[in-house]
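Notes follow the structure.
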Amino acid sequence: MPELPEVEVVRSGVEQHVIGRTVAAVEVLHPRAVRRHVPGAADFTGRLVGTKIMAVRRRGKYLWFDLSDGDAVLAHLGMSGQLLVQPPEVPDERHLRVRVRFADAGPELRFVDQRTFGGLSLAELVEVDGTVVPTTVAHIARDPMDPLFDVAATARRLRSRRTEVKRALLDQTLVSGIGNIYADEALWRVKLHGTRPADRLTAAQARGVLTAAAEVMADALRAGGTSFDALYVNVNGESGYFSRSLDAYGREGEPCRRCGAPLVRESFMNRSSFSCPSCQPKPRALRR
DNA sequence: AGGGCAACCTGGGGGC
DNA sequence: TGCCCCCAGGTTGCCC
């Protein structure tokens, strides 16, 4: 499942293949892929044709293409989305949703998505806090790898949340790019249980978990992006499988790499959380 | 206002 | 073998 590192791998991979190229034709093969583009598929296609791709940018898990007309194509991979650069003669992928052909007749850009949680849309650009982003991304916070990410300020906001720390880490309006996998990894690194109340963390703990998230992401990025879902494939069609195994996520029953205790899996928001029962003790019941 | 949570999807896997 | 149910999970939108 693509989180920030996977999306960055896709961004940097796609960038080399599409910048400076003019869109000649767009084919929407599944309407759900452009459902976020409210004016509809025909509008999406019509406005995209003839524009040139100027840049490929990212914030958190969102990716967008700056266009020569001043707008942008926003892409979100959802849980199974892929952006592939493929020669036109390559047969369509089973779950191909959108195809972008270029005027130079070179490789196409293809959006492939089995579970259809992802999608593309067109948006105007707007400046938010000194950075230009698509209007539909204006509410998304800077991610931990953003050069302008403010650890101290985000830690203060984190400590003001009356919720559990893992919930807060997954809130893209507080800090973006962190999904279920990297949240568990960051919490493991700083020995905090995900149900710890955010407003009971010390300033050092709050800064620590955010810094840990950035470090986990940097490690994953160096390894080419984590993914153990065969659905995730990078821009060249190669699996981004992380050769270095994770410390917490998916390791139920396996020994903690710090203390050896078997990790446990707990249900959380209809999904799974993995943690070390010894290093990351659950908070005692708290009186407020 | 802000937190919590159902709904949106598909395919793989387990149980029977 | 086949059917059914569960599971994975990011974001939105709605409820409280």
Side-chain angles (χ1 to χ4, degrees), chain A residues 1-8 10-11 29-38 58-64 74-83 93-98 111-121 123 133-141 143-144 154 156-187 194-200 213 217 220 225-233 239-242 246 248-252 265-274 286 288:
Chain A
M1 303 89 195
E3 296 187 27
L4 185 154
E6 291 76 17
V7 178
E8 176 56 25
V10 170
R11 189 205 64 77
L29 295 102
H30 195 306
R32 198 172 142 77
V34 294
R35 69 192 181 285
R36 301 276 175 225
H37 187 74
V38 178
R58 180 191 57 73
R59 170 171 286 189
K61 304 168 197 168
Y62 286 88
L63 186 68
W64 66 90
L74 182 66
H76 197 290
L77 302 180
M79 294 196 298
S80 55
Q82 308 165 27
L83 279 171
E93 291 73 15
R94 171 157 179 196
H95 301 292
L96 177 63
R97 308 302 189 199
V98 180
F111 179 68
V112 176
D113 188 13
Q114 179 214 110
R115 295 180 197 167
T116 71
F117 274 57
L120 308 180
S121 59
V133 298
T135 51
T136 38
V137 171
H139 64 295
I140 300 295
D143 61 64
T154 307
R156 279 194 294 275
R157 289 185 64 204
L158 174 60
R159 295 177 69 212
S160 73
R161 293 295 177 98
R162 293 183 66 85
T163 189
E164 298 168 356
V165 60
K166 183 169 175 181
R167 281 181 189 275
L169 291 177
L170 295 176
D171 182 347
Q172 306 294 302
T173 68
L174 175 70
V175 51
S176 69
I178 303 178
N180 200 38
I181 298 170
Y182 292 111
D184 279 3
E185 293 300 306
L187 289 164
T195 61
R196 292 279 289 268
D199 62 356
R200 296 290 184 105
M217 289 175 177
T226 305
S227 184
F228 27 85
D229 188 326
L231 290 168
Y232 175 72
V233 184
S239 169
Y241 193 91
F242 203 11
L246 298 168
Y249 192 85
R251 300 195 64 235
E252 181 180 17
R265 180 170 77 90
E266 289 162 314
S267 184
F268 161 82
M269 289 170 78
N270 275 334
R271 56 204 64 184
S272 295
S273 287
F274 299 87
L286 296 171
R288 285 189 182 271

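Note on naming: letters A, B, ... go to the chains in the order of the sequence lines (proteins, then strands), and numbering restarts at 1 for each one.
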Task: Residues in ring pair (Phe, Tyr, Trp, His ring centres under 6.0 Å) contact with A:Tyr62, at least two apart in sequence or another chain - done: A:His76

State which residues pass side chain to side chain contact (heavy atoms under 4.5 Å, CB included) with [X]; sequence neighbours excluded, sorted by chain then number.
X        : value
A:Arg265 : A:Glu252, A:Ser272, A:Phe274
A:His139 : A:Thr173
A:Ala123 : A:Pro134, A:Thr135, A:Thr136

Consider the side chain of [X], meaning its heavy atoms from C-beta on, and name the nucleotide among [options] that approaches it most closely.
X        : options                : value
A:Arg161 : B:dT10, B:dC9, B:dG3   : B:dG3
A:Arg32  : C:dT11, B:dT10, B:dC8  : B:dC8
A:Tyr62  : B:dC8, C:dG10, C:dT12  : C:dT12
A:His139 : B:dG11, C:dG10, C:dT12 : C:dT12

Open item on the list: Both A:Thr116 and A:Asp171 contact DNA chain B. Taking the nearest nucleotide for each, which residue is further toward the 5' end?
Closed with: A:Asp171

Would you mind reading off the distance between [X] atom [atom1] and [N] atom [atom2], rounded to a whole angstrom?
X        : N      : atom1 : atom2 : answer
A:Leu77  : C:dT11 : CG    : P     : 10 Å
A:Leu170 : C:dA8  : CG    : P     : 14 Å
A:Leu120 : C:dG10 : CG    : P     : 19 Å
A:Asn180 : C:dC7  : CG    : C1'   : 13 Å
A:Glu3   : C:dG10 : CD    : C1'   : 9 Å
A:Asp199 : B:dG2  : CG    : P     : 15 Å
A:Asp113 : B:dC8  : CG    : C1'   : 12 Å
A:Phe117 : B:dC9  : CZ    : P     : 8 Å

I want to check one thing: is the phosphate of [N], taken as OP1 and OP2, less than 4.0 Å away from some side-chain N or O of [X]?
X        : N      : value
A:Gln172 : C:dT11 : yes
A:His76  : C:dG10 : no
A:Arg94  : B:dG11 : yes

Do [X] and [Y] have side-chain heavy atoms sitting under 4.5 Å apart?
X        : Y       : answer
A:Arg97  : A:Val34 : no
A:Thr116 : A:His95 : no
A:Leu74  : A:His37 : no
A:Leu63  : A:Leu83 : yes

TODO: Could you tell me which residues satisfy side-chain hydrogen bond (donor to acceptor under 3.5 Å, both in side chains) with A:Glu93, sequence neighbours excluded, listed by chain and number?
DONE: A:Gln86, A:Arg110

TODO: Report the stems of DNA chain C as range-with-range entries sorted by first number; a stem here is at least three consecutive pairs, Watson-Crick or G-U wobble, both distances under 3.5 Å, and write none if there are none.
DONE: B:2-16 with C:2-16

Nucleotide N/O to protein N/O under 3.5 Å, stretch nucleotides 4-6 of chain B:
| from | atom 1 | to | atom 2 | distance (Å) |
| --- | --- | --- | --- | --- |
| B:dG4 | OP2 | A:Thr163 | OG1 | 2.5 |
| B:dC5 | OP2 | A:Arg167 | NH2 | 2.9 |
| B:dA6 | OP2 | A:Asn270 | ND2 | 3.4 |

My understanding is that only residues two or more places apart in sequence, or in another chain, count here; which of them pass salt bridge (Lys or Arg N to Asp or Glu O under 4.0 Å) with [X]?
X        : result
A:Asp143 : A:Arg58
A:Lys61  : none
A:Arg156 : none

Open item on the list: Heavy atoms only, 4.0 Å cut-off, all strands: where does A:Arg265 land among base, sugar-phosphate and nothing?
Closed with: sugar-phosphate

TODO: With heavy atoms under 4.0 Å as the rule, sort A:His30 into base, sugar-phosphate or nothing.
DONE: nothing

Open item on the list: Taking salt bridge (Lys or Arg N to Asp or Glu O under 4.0 Å) as the cut-off, I'd like each qualifying pair that reaches into residues 167-179 of chain A, sequence neighbours left out, listed once.
Closed with: A:Arg161-A:Asp171, A:Glu164-A:Arg167

Taking only nitrogen or oxygen atoms into account, show me every contact under 3.5 Å that the protein makes with nucleotides 13-16 of chain C, one pair per line with its distance.
none

